[in-house]
Undergrad: 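Please find one structure pasted underneath; my questions will follow.
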Amino acid sequence: MREVRVRFAPSPTGPLHLGGVRTALYNYLFARKSGGKFILRIEDTDQGRFVPGAEQYIIESLNWCGITFDEGVHLGGPYTPYRQSERKSLYRQYADQLVADGYAYYAFDTAEQLDQLRKEHEAKKQTFQYGPQTRQQLYNSLTIPAEKTAELLESGTPYVIRIRIPENETITVTDRIRGLVSVESSLLDDKVLFKSDGMPTYHLANVVDDYLMKISHVIRGEEWLPSAPLHVLLYRYLGWESSMPEFAHLPLLLKPDGNGKLSKRDGDRLGFPVFPLRWTDPFTSEVSSGYRESGYVPEAFINMLSLLGWHEESDKELFTMEELIDAFSIDRCSKSGAKFDPEKAKWFNHHYLSAKPVNELVKYLEELLKKEGISSASVNLERICELVRDRAVLIPDLLEQSRFFFIAPKSYDEKVVAKAWKAETPGILSGLAEVLQSVEVFEVPAIEEASKAYVADKGIGMGQLMNPFRLCLVGTSAGPGMFDIASVLGKEETLRRIQAGLNNIVI
RNA sequence: GGCCGGUUCGUCUAACGGUUAGGACGCCAGGUUUUCAUCCUGGUAAUAGGGGUUCGAUUCCCCUACCGGCUACCA
């Protein structure tokens, strides 16, 4: 059996989106599971679409996810360089070889001429295809004398090299997920392999590099399925068919509502990130939110993504990366597109966040406090994190749920005031203040004992006391238990807030 | 339009051709609780339609419908 070598091959045209991360993840899982190598190759053959920072963004994103490589543009390796623009000089010989063998030819038609043809055909509701049916009428080395071709080449006339698609052949691709996919060659077109700027197109470059880098499996998005037969043809024409990688085309990630491929717009529209990390467009300065900055933890992000297109036979849904590596298999990838569900992403995050050791939660909280310039010098953050951990879905919730510990309420929730603040309330709270004043050890057991005795003594319900009490200390009707809150706040602050409530809440 | 691919609860999905079609998210209800949330228990809800093949189709085949992808000197 041949050594497993898989690659993730993004083009640096912007931030990596969810679908791209999932493709990288599945490649990674497959490589690790089979003890193979995982390679990061940058496909930047389109210099016109190059976006500064995109490559670094891709590396950082996958790093945040815990997806690691064995070779790649950032690591080097035995097949360096791993950036196609730096491999430029390599591709030409293969294009030449194809021409020499009659599998490709020079085409001198200008982009404008072809655009024109497409428009004309479109006007007649037809599709223009540069292929077996039309190539004889076009301006290429198949239709002009050899001397003329030589002359054009000599004089520096711009040209491209196109594959010469065979006329009546059925081309079959074996896909690990979809089985046999076949297509009639007459429906394919003479795709450009080598551009007039001296760069190969994706089609040539990916085949050449996969061959040279000894890639064993190509796991990529379904959008590549239609061009897979072309790639098979290329392997055949280059004489590499026996070492052709296996293919697996992953189903697409779809937008949560309606239909269609998940896009950046959907995130803006529905309020969830579509990128792992925040991204600032270097040209427009437009900012797109990221999972990391929104407060997701990588474990949740990965677990959520892993289940979008793959599933074990069992009902198990919670997986660590190690467990994923152990469980993953290409054969259990599904064929149909998966709608992304932001709600489920939140559920995963709540699960992983609240399961974190408290010292990690403290670190998150400290960072949030620091960012807002809130002092936490004399506060037991560990205790606070324990009290709010179950209430936090995203990391920033750690602070949102505990803010009142650090900052006394400046206003009081009107609805709660209306509901909980009665005529007798001030009297009840004044009494409570007196009782608490005399509590020596201001900890939960003593506070609880004193409060309950007070309620019993007064002959009132717990709610009559606790709801207004909470309103004074928190400002609203949510949060951890009151005895916990009071003990964390301390006697002095608790009494101060009761007094503030008595002074400021009016009905 | 052409080609390729796909179709099980609202969503992600499970089910050697034989199951009361299972799980999870969401939603709803109940329980716990001084509030909110968590948590626990229960409930809701699906095999796109039509033909075959078969003793028996979610499962195999065909057709239709619908959805998606591709159709650049972009990847």
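Within every chain, numbering begins at 1; the chains are lettered A, B, ... in the order of the sequence lines, protein sequences first and strands thereafter.
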Undergrad: In whole angstrom, give me the gap between the P atoms of A21(B) and A46(B).
TA: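 These two P atoms come out 12 Å apart once rounded.
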Undergrad: Tell me the interatomic distance from Asp266(A), atom CG, to G68(B), atom C1', rounded to whole angstroms.
TA: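 So the two atoms are 14 Å apart, to the nearest Å.
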Undergrad: If you look at every heavy atom in Pro200(A) and Ala205(A), which pair is closest and at what distance?
TA: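 Residues Pro200(A) and Ala205(A), closest heavy atoms: CG-CB, 3.8 Å.
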Undergrad: Return the pairing partner of U58(B) with a 3.5 Å limit on both distances, Watson-Crick or G-U wobble; otherwise return none.
TA: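 Paired with U58(B), as far as the under-3.5 Å criterion goes, is no nucleotide at all.
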Undergrad: Please compare Asp315(A) and Gln401(A) by the position of their nearest nucleotide in RNA chain B and report the one closer to 5'.
TA: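 Of the two residues, Asp315(A) wins.
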Undergrad: Across all strands shown, which nucleotide pairs with C9(B) by Watson-Crick or G-U wobble geometry, both distances under 3.5 Å?
TA: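 The base-pairing partner of C9(B), which may sit in any strand shown, does not exist here.
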Undergrad: Which protein N or O atoms sit under 3.5 Å from an N or O of nucleotides 5-11 of chain B?
TA:
from: G5(B); atom 1: O2'; to: Arg178(A); atom 2: NH1; distance (Å): 2.6
from: G5(B); atom 1: O2'; to: Glu222(A); atom 2: OE2; distance (Å): 3.1

Undergrad: Run the ring-centre check on Trp310(A) versus Tyr26(A) and record whether the distance is less than 6.0 Å.
TA: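 Between Tyr26(A) and Trp310(A), which both carry aromatic rings, the centre distance is not below 6.0 Å.
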Undergrad: Would you measure the distance from the C1' atom in U35(B) across to the matching atom in U19(B) and give it in whole Å?
TA: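 Straight-line distance between the two C1' atoms is 45 Å.
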Undergrad: Now, which nucleotide makes the Watson-Crick or G-U wobble pair with G68(B), with each of the two distances under 3.5 Å?
TA: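 The answer is C4(B), by the H-bond criterion.
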Undergrad: Contact class for Pro480(A) vs. all strands (heavy atom < 4.0 Å): base, sugar-phosphate, or nothing?
TA: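 Result for Pro480(A) = base.
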Undergrad: Which part of the nucleic acid does Phe469(A) contact within heavy-atom distance under 4.0 Å: base, sugar-phosphate only, or nothing?
TA: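 No contact at all - Phe469(A) keeps every heavy atom at 4.0 Å or more from the nucleic acid.
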Undergrad: Please work out if Gly463(A) contacts a base, only the sugar-phosphate, or nothing of the nucleic acid, heavy-atom cut-off 4.0 Å.
TA: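 The residue Gly463(A) makes no contact with any strand.
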Undergrad: Side chain to side chain contact (heavy atoms under 4.5 Å, CB included) for Phe8(A) and Leu16(A)? Distances and angles first, verdict last.
TA: CA-CA 12 Å; Phe8(A) 179 55; Leu16(A) 191 58; 3.7 Å; yes
Undergrad: Could you tell me how far U38(B) sits from G50(B) if I compare only their P atoms? Round to whole Å.
TA: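 Going atom to atom, P in each nucleotide, I get 42 Å.
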Undergrad: Show the nearest heavy-atom pair for residues Asn303(A) and Leu318(A), with the distance to one decimal.
TA: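 That would be OD1-CA, 3.4 Å.
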Undergrad: What integer number of Å spans the C1' atoms of A45(B) and U13(B)?
TA: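 That atom pair is separated by 15 Å.
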Undergrad: On a whole-Å scale, what distance lies between the P atoms belonging to U11(B) and G49(B)?
TA: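 Per the computed distance, 15 Å lies between those P atoms.
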Undergrad: Counting only Watson-Crick or G-U wobble pairs whose two distances fall under 3.5 Å, which nucleotide matches C16(B)?
TA: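 Across all strands, not a single nucleotide pairs with C16(B).
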Undergrad: Scan residues 442-471 of chain A for pairs that pass ring-ring contact (aromatic ring centres under 6.0 Å, His included), counting only residues two or more places apart or in two chains.
TA: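 Not a single pair qualifies under ring-ring contact (aromatic ring centres under 6.0 Å, His included).
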Undergrad: Grab the CG-P distance between Leu187(A) and G1(B) for me, whole Å please.
TA: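 From Leu187(A) CG to G1(B) P: 16 Å.
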Undergrad: Roughly how many Å apart are U58(B) and A48(B), using the C1' atom of each and rounding to a whole number?
TA: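 12 Å, rounded to whole Å.
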Undergrad: Sort out the partner of U35(B) for me: Watson-Crick or G-U wobble, both distances under 3.5 Å, none otherwise.
TA: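 U35(B) is paired with nothing.
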Undergrad: Closest nucleotide of RNA chain B for Gly479(A) versus for Gly260(A): which of these residues is on the 5' side?
TA: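 Looking at the nearest nucleotide for each, Gly479(A) comes out on the 5' side.
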Undergrad: Glu312(A) and Ser314(A): side-chain donor and acceptor closer than 3.5 Å?
TA: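 There is such a pair between these side chains.
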Undergrad: What is the minimum heavy-atom distance between Pro229(A) and Pro226(A), and which atoms define it?
TA: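 Taking every non-hydrogen atom into account, CD-O, 3.4 Å.
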Undergrad: Mind checking the P distance from G69(B) to C60(B)? Whole angstroms is fine.
TA: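 Those two atoms are separated by 25 Å.
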Undergrad: To the nearest Å, how far apart are Asn467(A) CG and U33(B) P?
TA: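 Rounded to the whole Å, the gap is 15 Å.
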Undergrad: Would you measure the distance from the P atom in G10(B) across to the matching atom in U47(B) and give it in whole Å?
TA: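 That atom pair is separated by 8 Å.
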Undergrad: Can a donor-acceptor pair be found, under 3.5 Å and without considering hydrogens, that links the side chain of Thr134(A) to the backbone of Gln129(A)?
TA: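 Between the backbone of Gln129(A) and the side chain of Thr134(A) there is a qualifying donor-acceptor contact (under 3.5 Å).
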Undergrad: In the strands shown, is C74(B) matched to any nucleotide by a Watson-Crick or G-U wobble pair with both distances under 3.5 Å, and which?
TA: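 Here C74(B) is not engaged in any pair, so there is no nucleotide opposite it.
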Undergrad: Across all strands shown, which nucleotide pairs with U47(B) by Watson-Crick or G-U wobble geometry, both distances under 3.5 Å?
TA: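 WC or wobble partner does not exist here.
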Undergrad: Check whether Phe406(A) forms a cation-pi arrangement with Arg403(A) (NZ or CZ under 6.0 Å from the six-membered ring centre, at most 45° off the ring normal).
TA: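 Not flagged: Arg403(A) not positioned over aromatic ring of Phe406(A).
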Undergrad: With a 3.5 Å limit on both atom pairs, tell me what A21(B) is paired to, counting Watson-Crick and G-U wobble, or say none.
TA: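 When the pairing criteria are applied, nothing turns out to pair with A21(B), so the answer is none.
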Undergrad: So which atom in Leu233(A) and which in Leu188(A) form the shortest heavy-atom distance, rounded to 0.1 Å?
TA: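 Closest pair (atom of Leu233(A), atom of Leu188(A), distance): CD2-CD2, 4.5 Å.
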Undergrad: Return the value, rounded to whole Å, for the distance between atom NZ of Lys415(A) and atom P of U35(B).
TA: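 After rounding, the reported distance stands at 19 Å.
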Undergrad: Produce a footprint string for nucleotides 38-47 of chain B: one letter per nucleotide, 5' end first; B if the base is under 4.0 Å from any protein heavy atom, S if only the sugar-phosphate is, - if neither.
TA: S---------
Undergrad: Measure across Tyr235(A) and Asp210(A) and return the closest heavy-atom pair with its distance rounded to 0.1 Å.
TA: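 Shortest heavy-atom contact: OH-CB, 3.4 Å.
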Undergrad: Looking at every non-hydrogen atom in both residues, tell me the closest pair between Phe404(A) and Pro480(A) and how far apart they are.
TA: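 For Phe404(A) and Pro480(A), the tightest heavy-atom pair comes out as CZ-CD, 3.9 Å.
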Undergrad: Reading nucleotides 70-75 of chain B 5' to 3', which nucleotides get B (base under 4.0 Å from a protein heavy atom), which S (sugar-phosphate only), which -?
TA: S-SBBB
Undergrad: With a 4.0 Å cut-off on heavy atoms, is Ser334(A) in touch with a base, just the backbone sugar-phosphate, or nothing at all?
TA: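 Here Ser334(A) touches the backbone only, sparing every base.
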Undergrad: Just to be sure I understand the rule, does Glu313(A) reach a base, reach only the sugar-phosphate, or reach nothing, if contact means heavy atoms closer than 4.0 Å?
TA: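 Sugar-phosphate, no base atom in range.
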Undergrad: Under 4.0 Å between any heavy atoms, over every strand shown, what does Gly221(A) touch: base, sugar-phosphate, or nothing? Just pick one.
TA: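 Nothing: the residue Gly221(A), judged by heavy atoms under 4.0 Å, touches no strand.
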Undergrad: Check side chain to side chain donor-acceptor pair (under 3.5 Å) between Arg269(A) and all other residues, then give those that pass, not counting sequence neighbours.
TA: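 Here the qualifying residues are Asp257(A), Asp266(A).
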Undergrad: With salt bridge (Lys or Arg N to Asp or Glu O under 4.0 Å) as the rule and sequence neighbours excluded, what pairs involving residues 192-206 of chain A come up?
TA: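 Every pair satisfying salt bridge (Lys or Arg N to Asp or Glu O under 4.0 Å) with a residue in residues 192-206 of chain A: there are none.
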Undergrad: Pick base, sugar-phosphate or nothing for Arg332(A), based on heavy-atom distances below 4.0 Å to the nucleic acid.
TA: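 Sugar-phosphate contact only - Arg332(A) comes under 4.0 Å of backbone atoms but never of a base.
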